[in-house]
Amino acid sequence: MRHICVALTMTFFLGAVSAAQTPHQIAIRAGKLIDGKSEKPIENALIVIEGDKILSVTPGGTVPAGAEVIDLSKATVLPGFMDVHTHVLLQGDITSEEYDAQLLKESIPYRAILAARNAHIALSHGFTTIRDLETEGAMYADVDVKMAIANGEVPGPRMQVATRAMAPTGMYPLLGYSWELKVPTGVQYVDGTDGARKAVREQAMYGADWIKYYSDRRYHFEADGVLHSMVNFTDEEAKAIVDEAHRIGKKVAAHAIGSDGIAAALRAGVDTIEHGDGLTDALMDEMARRGIYWVPTITVGMYVAPGRGGNWQRMADLQRENFPKAVKKGVKIALGTDAGGFDWKVLNEAKEFEYYVQYGMTPMQAIRTGTSTAAELLGWSDKAGTIEAGKWADLVALSGDPLKDIKEVENVKFVMKGGVVYKNELR
Ligand SMILES: [Zn+2]
């Protein structure tokens, strides 16, 4: 009883003190501001931050009395970047040997330690938000990484997570081992419509924000020049996954590379198409009409193609052909890289912006894929993705101008997440 009384007194006392103080404010003087929504950058903007949120954004503007000033007057300030397709629990898997070794030789605790390291890398590259699209055999460890970041125990981006992902029995590695051995699987094997609904409920129970499933495998070009694939789930199973997820308020991401896999995922009613190499004109039209997002993950495609050989280069070429078509048709494109499919230490995820510009977007369009459009995909348009009053104070700064040279986004010098500065090389 005595302890409780002390605790209550303390709470009351601390509450009274903080209410009497003026809240801590930070004023950022931005030389050039790309706010994520305006067509043109705003010169000499003042961003006032209180707590973890943006209080105001004004051209020119006066610093409020008592505010801490951060001088970014020689820099370009942008919303924190967002990568909506990552795997923090994976360290690159050009070959199946690399993939198998991670699942067979590394414990999940060890992989979670590397995941925390990867999350830190992402944040230092300016990614203040990621959607992590399955743990590749590390069960629900993404939920733990997300929690440790949210609790301020380790630095990293805000996360939405997909946990284990789904494929039918035998349609996802590890495969090829003796039937006498019980080896881990990179996904949760799910069969039948009841099995699908149960798996969705189970993953949601353990913390999945998204449900991900593998729509296809075995990608191959046929005489029609179209990239085809083998579809994993029956339509009834895929529809059960999507229906159950939507029923309990979760959205669904489908790994879909071949045209058949993309078509099946669209029939099932998914919210995002991952990779989408085999998009045809008709499929793009349908996605544009229904507002379904395409997450192209070009960085990983370009990275694994030389090592994997086979069709992978031709698939990367097809992405390059399809990208400007999709832009023209008005398909919603959100930036996703598949980081983890490449080594986090080797490539900077921000390279994806550069590909989008190379493939026909303006730098401003490309920046939106990894800020405001990504926020929309995540259902966080009211909280993130632009620099404006009421949003989280998630922002980055570069010393160069990304509208002149998009490569500048790979050189983030300043990172703030939720009003806390994690990196500042512009002092
Ligand atoms: Zn992936």
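Read the numbers this way: they start at 1 and go in the same order the structure lists the ligands and their atoms.
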| Any V187 side-chain heavy atom under 4.5 Å of M166 side chain |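 With C-beta onward as the side chain, the pair stays apart.
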| request: Would you check if P296 and Q319 make a side-chain contact, meaning some heavy-atom pair closer than 4.5 Å? | output: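 Yes, their side chains come closer than 4.5 Å.
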| message | Between R290 and E286, does any side-chain N to carboxylate O distance fall below 4.0 Å? | response |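 Salt bridge flag = yes for E286 with R290.
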| request: State the atom name: nearest N, O or S atom of D338 to the Zn ion (ligand 1). | output: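 This turns out to be OD1.
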| message | Please determine whether H87 has a backbone or side-chain N, O or S atom lying under 2.8 Å from the Zn ion (ligand 1). | response |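 So H87 counts as coordinating the Zn ion (ligand 1), yes.
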| message | Tell me whether the Zn ion (ligand 1) has H85 as a neighbour, meaning an N, O or S atom of it below 2.8 Å. | response |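 A backbone or side-chain N, O or S atom of H85 is under 2.8 Å from the Zn ion (ligand 1).
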| Heavy-atom pair of closest approach, residues H228 and D260 |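 So the two residues come closest at ND1-OD1, 2.9 Å.
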